[in-house]
Amino acid sequence: MLPPTEGDYKASPMLDLRNVAQNFDAVVARLKTRGGNLDLGPFQALFSERGELNSSMQSLAARRNAANEEMMKKAKEDPKALDALRGDLRAVSQDIKDKQNRLNEVEQEINRILLLIPNLPHESVPVGTSADENVQVKSWGEKPNLPFTPKQHFELGEKLGMLDFERAAKVSGSRFTFYKGALARLERALVTFMIDVHTQKGYTELLPPYLVLRETMMGTGQLPKFEDDAFKTLGDPERFLIPTAEVPVTNYHADEILEGESLPIRYCAFSPCFRAEAGAAGKDTRGLIRQHQFHKVEMVKFAQPDKSLEELESMTDDACDILRRLGLHHRVMLLCTGDMGFAARKTYDIEVWLPGQNAYREISSCSDCGDFQSRRAKIRFRAQKGDKPQLVHTLNGSGLAVGRTSIAILENYQRDDGTVAIPEVLWPYMGGIKELKPL
RNA sequence: GGAGGCGUGGCCGAGCGGUUGAAGGCAGCGGUCUUGAAAACCGCAGAGGGUGCAAGCUCUCCGUAGGUUCGAAUCCUACCGCCUCCGCCA
C-alpha cells in the first residue's frame, strides 16, 4: 500500500518483538479480535534469520577486533608482517559488511510488517466486532425535557447567522465552517474554560506545533497505515498537519529517558485538528460534526506501567468533569475490541446527548496506549536510580472536542424561539454574553 | 534565503587513524572524617543488544546515513540540527 521510505524505519516496531515471536499464536488470536485483515507474513522466518545474522556478526566482529589488536602490536615490532594479515582481515570485514547489509534488509522487512499491526487489546476489553458491542459503564445527568421539537445545531447556527457553511465551501471547499459573532466567541471561550479546568487539576499546558514530521506521526501510530487520513505539505521535508494534539504532545518526550519520580506527567494542549477523512464521505455531511478542521483540547499522560489503567480512569473522569460543569448529559462507553483505535489497548468514549439529533455522539475518546507508542517513539523512564530504563505507558484523551461541545450547547440549551442560553460557567469567558441571539 | 562557525557521556569540555567507551571538571551516588552538615579525601558512575541463575563475558553506539581503511570520535561525502552575521516577514 504505502511505499516505505527510509524515514519510516527510524521508529521501532510497535509490538515487542520477542513477545510476538514467543507467543505467536496467542498474539495473532488476540489481534484478530479487532477484526480486519491481519497479515504477519514471513515474520517468523525473518525473526530467526535476524537472530542468526546477529550472532554470526558478533563472533566475526570479535575476531576482527582481536586481530586488530595483533596488528597494532605487529605494526610496532615487525611492520612487514602486516601485509600478510591484511588480506585475511579484509575478507572478514567484507563478510561483516555483507551480513550487516542483509540484517538491515531483514529488520526493515520485520518493521514493515509490525508497523502495520495494531496494539494488543487489554484483557479487560470486551471482544466485539462493532460499536454495538461497546459497553456502557457510566451515565451522568438526564436528557433535557424540551417542550418543542429540538432543532439540529446547524439549523440553529444558520438561523442565528453564526455558522456559515456556504461561504466556507466557497473559500475552502466542503467540510469547513466560518463561525461568526458570539458563537465564534463561545468556541474560544470553551477552549479557555477547558484549559483552565485542566491546569487547575495539575495538567501542564502545552501549545504545540501543528505541523509535524513523518517520524512523529509514526511515533504515535498514525503512520504508516493511515496516511490517507492526513493532510501533508509538499516540499522537503514533508510535514503533516496534526490530526490531534496527541501527536506532537506525546512525541514531546520522544527519545527521552524520564525519571520515575516525575511520573505521571500530565499535559493538556489546545490545537486545531486536521483530518482528510477520506473514508467518511457521506456521513455527517451537514454541520459541524465531521469537518476537515476542528478544535480540540487534548490531555496526554505519561505513566508507570502499573498505573496506566487507573490513570485512564481519572483522565476519563477529567473529561467528564467538563461536561458536568457545562450541565451536559452524557454516558461513558467502554469500547469493544472491534471498535478501538490502532494504538489503543483500552478506550473509553464519552458520548454527549444531542437533542437535535436525538442521539448520543462521541465528544471525547480516552485511551491507554500501554507501551505501544512509547516503543515506537522511544519514550522510557527509570523507576529507580541505577535501574534499567523501561518503556513508559502513554495515554491520551479529548478534554473535549470543542466543536462538538459547541454543538452540544446549541442543541441542549436551545429555546423555542431559536435563541440559545449559555451555561453559567462560561459567562466570565463570554464578556457578559449570556445567550445567543440572531445577529 | 545568503555567508561563516559548530555538533563528543546529565552538563561543561579534551581527544597525532590504532592500549579511547572515550582525559579533565561540575553535578549525582557510595564511603572515610564530623555531634550533624560543609569542606577535604577515596571510590562508583552512559545507552542498547547477545549469552548466563548470577558474577561475568561479548558486540554496537561520539548529530544521522554512507564511504575510505586491516582498523575511524578522529579522513571523505551527503543530510539533519544549533549558533553568529546579513536580508525578508507576522
Side-chain angles (χ1 to χ4, degrees), chain A residues 4-13 15-22 46-108 110-111 114 207 209-219 233-240 248 251-263 265 272 371 374-392:
Chain A
T5 70
E6 285 175 39
D8 283 8
Y9 299 106
K10 284 184 180 169
S12 309
L15 291 173
D16 178 27
L17 259 189
R18 205 175 320 193
N19 181 35
V20 176
Q22 290 176 352
L46 289 166
F47 183 76
S48 69
E49 183 177 358
R50 173 178 168 276
E52 288 160 19
L53 284 167
N54 258 329
S55 61
S56 72
M57 273 177 59
Q58 196 180 308
S59 54
L60 282 170
R63 192 174 134 200
R64 183 199 58 197
N65 291 347
N68 277 331
E69 270 183 54
E70 279 303 301
M71 295 283 288
M72 204 183 60
K73 287 176 193 161
K74 287 240 167 65
K76 288 173 186 163
E77 306 158 8
D78 181 10
K80 296 225 167 127
L82 285 180
D83 291 336
L85 288 169
R86 267 201 192 114
D88 280 359
L89 283 181
R90 180 179 284 149
V92 172
S93 285
Q94 190 55 49
D95 199 8
I96 292 175
K97 279 182 193 171
D98 292 343
K99 286 199 161 66
Q100 180 68 56
N101 287 335
R102 176 59 191 157
L103 181 62
N104 289 344
E105 284 172 25
V106 168
E107 296 204 317
Q108 232 179 54
I110 290 175
N111 281 354
L114 290 186
L207 189 62
Y210 304 152
L211 288 165
V212 297
L213 299 170
R214 171 172 287 273
E215 60 189 278
T216 306
M217 293 282 276
M218 299 278 291
T233 64
L234 299 172
D236 185 27
E238 62 186 349
R239 290 182 228 272
F240 294 81
N251 281 283
Y252 183 71
H253 288 301
D255 261 311
E256 293 183 17
I257 298 174
L258 307 168
E259 287 184 34
E261 309 115 54
S262 70
L263 301 176
I265 295 173
D371 62 12
S374 57
R375 174 170 286 111
R376 292 179 156 223
K378 300 189 188 69
I379 311 166
R380 294 171 296 174
F381 77 101
R382 212 187 298 274
Q384 302 284 330
K385 280 172 195 155
D387 285 3
K388 287 213 161 198
Q390 53 183 312
L391 295 167
V392 298

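To find a chain, count down the sequence lines: A is the first, B the second, and so on, and within it residues start at 1. In this text the structure is predicted, and so the values were computed from the model without any measurement.
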Expressed in angstrom and rounded to an integer, what is the separation of [X] atom [atom1] from [N] atom [atom2]?
X: Asp255(A); N: rA47(B); atom1: CG; atom2: C1'; value: 11 Å
X: Glu52(A); N: rG50(B); atom1: CD; atom2: P; value: 15 Å
X: Glu215(A); N: rG81(B); atom1: CD; atom2: P; value: 11 Å
X: Leu391(A); N: rA47(B); atom1: CG; atom2: P; value: 15 Å
X: Asn54(A); N: rC61(B); atom1: CG; atom2: P; value: 13 Å
X: Glu107(A); N: rG49(B); atom1: CD; atom2: C1'; value: 10 Å
X: Arg382(A); N: rG28(B); atom1: CZ; atom2: C1'; value: 12 Å
X: Asp95(A); N: rG71(B); atom1: CG; atom2: P; value: 13 Å

Interatomic distance at [atom1], [N] relative to [M], whole Å:
N: rG28(B); M: rU77(B); atom1: P; value: 43 Å
N: rC59(B); M: rA22(B); atom1: P; value: 13 Å
N: rC83(B); M: rG46(B); atom1: C1'; value: 26 Å
N: rG52(B); M: rA72(B); atom1: P; value: 30 Å
N: rU58(B); M: rG9(B); atom1: P; value: 25 Å
N: rC61(B); M: rC42(B); atom1: P; value: 34 Å
N: rC16(B); M: rC75(B); atom1: P; value: 9 Å
N: rG66(B); M: rU74(B); atom1: P; value: 14 Å

Grab the N/O contacts between the protein and nucleotides 57-60 of chain B below 3.5 Å, and write none if there aren't any.
residue: rU58(B); atom: O2'; partner: Gln58(A); partner atom: NE2; Å: 3.3
residue: rC59(B); atom: OP1; partner: Asn65(A); partner atom: ND2; Å: 3.2
residue: rU60(B); atom: OP1; partner: Arg64(A); partner atom: NH2; Å: 2.8
residue: rU60(B); atom: OP2; partner: Asn65(A); partner atom: ND2; Å: 3.4

Exercise. Could you pick out which residue, Ser55(A) or Asn101(A), lies toward the 5' side of RNA chain B when each is mapped onto its nearest nucleotide?
Key: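 The residue whose closest nucleotide sits nearer the 5' end is Ser55(A).
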
Now, which nucleotide makes the Watson-Crick or G-U wobble pair with [N], with each of the two distances under 3.5 Å?
N: rC85(B); answer: rG2(B)
N: rA54(B); answer: none
N: rA90(B); answer: none
N: rG17(B); answer: none
N: rA73(B); answer: none
N: rG9(B); answer: none
N: rG43(B); answer: rC29(B)
N: rA78(B); answer: rU64(B)

Quiz item: With a 4.0 Å cut-off on heavy atoms, is Pro237(A) in touch with a base, just the backbone sugar-phosphate, or nothing at all?
Solution: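 Result for Pro237(A) = nothing.
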
Exercise. With heavy atoms under 4.0 Å as the rule, sort Arg380(A) into base, sugar-phosphate or nothing.
Key: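 Touches sugar-phosphate only.
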
Less than 4.5 Å apart, any side-chain heavy atom of [X] and any of [Y]?
X: Val392(A); Y: His253(A); value: no
X: Arg50(A); Y: Leu103(A); value: yes
X: Lys99(A); Y: Asp95(A); value: yes
X: Leu258(A); Y: Arg380(A); value: no

Exercise. May I ask you to decide if Arg90(A)'s main-chain N or O and Ser93(A)'s side chain share a donor-acceptor pair within less than 3.5 Å?
Key: no

Practice problem: Would you check if the side chain of Asn251(A) reaches a backbone N or O of Thr216(A) as a donor-acceptor pair within less than 3.5 Å? | Solution: yes

Practice problem: Working to the nearest 0.5 Å, report the span between CG of Leu114(A) and CZ of Arg376(A). | Solution: 9.0 Å

Self-check item: CA sep, side-chain torsions, deciding dist, call: Arg102(A), Asp98(A), salt bridge (charged side-chain N to carboxylate O under 4.0 Å, His left out)
Solution: CA-CA 6 Å; Arg102(A) 176 59 191 157; Asp98(A) 292 343; over 6 Å; no

Practice problem: Give the C-alpha distance, both sets of side-chain angles, the deciding distance and a yes or no for side chain to side chain contact (heavy atoms under 4.5 Å, CB included) between Glu259(A) and Phe381(A). | Solution: CA-CA 5 Å; Glu259(A) 287 184 34; Phe381(A) 77 101; over 6 Å; no

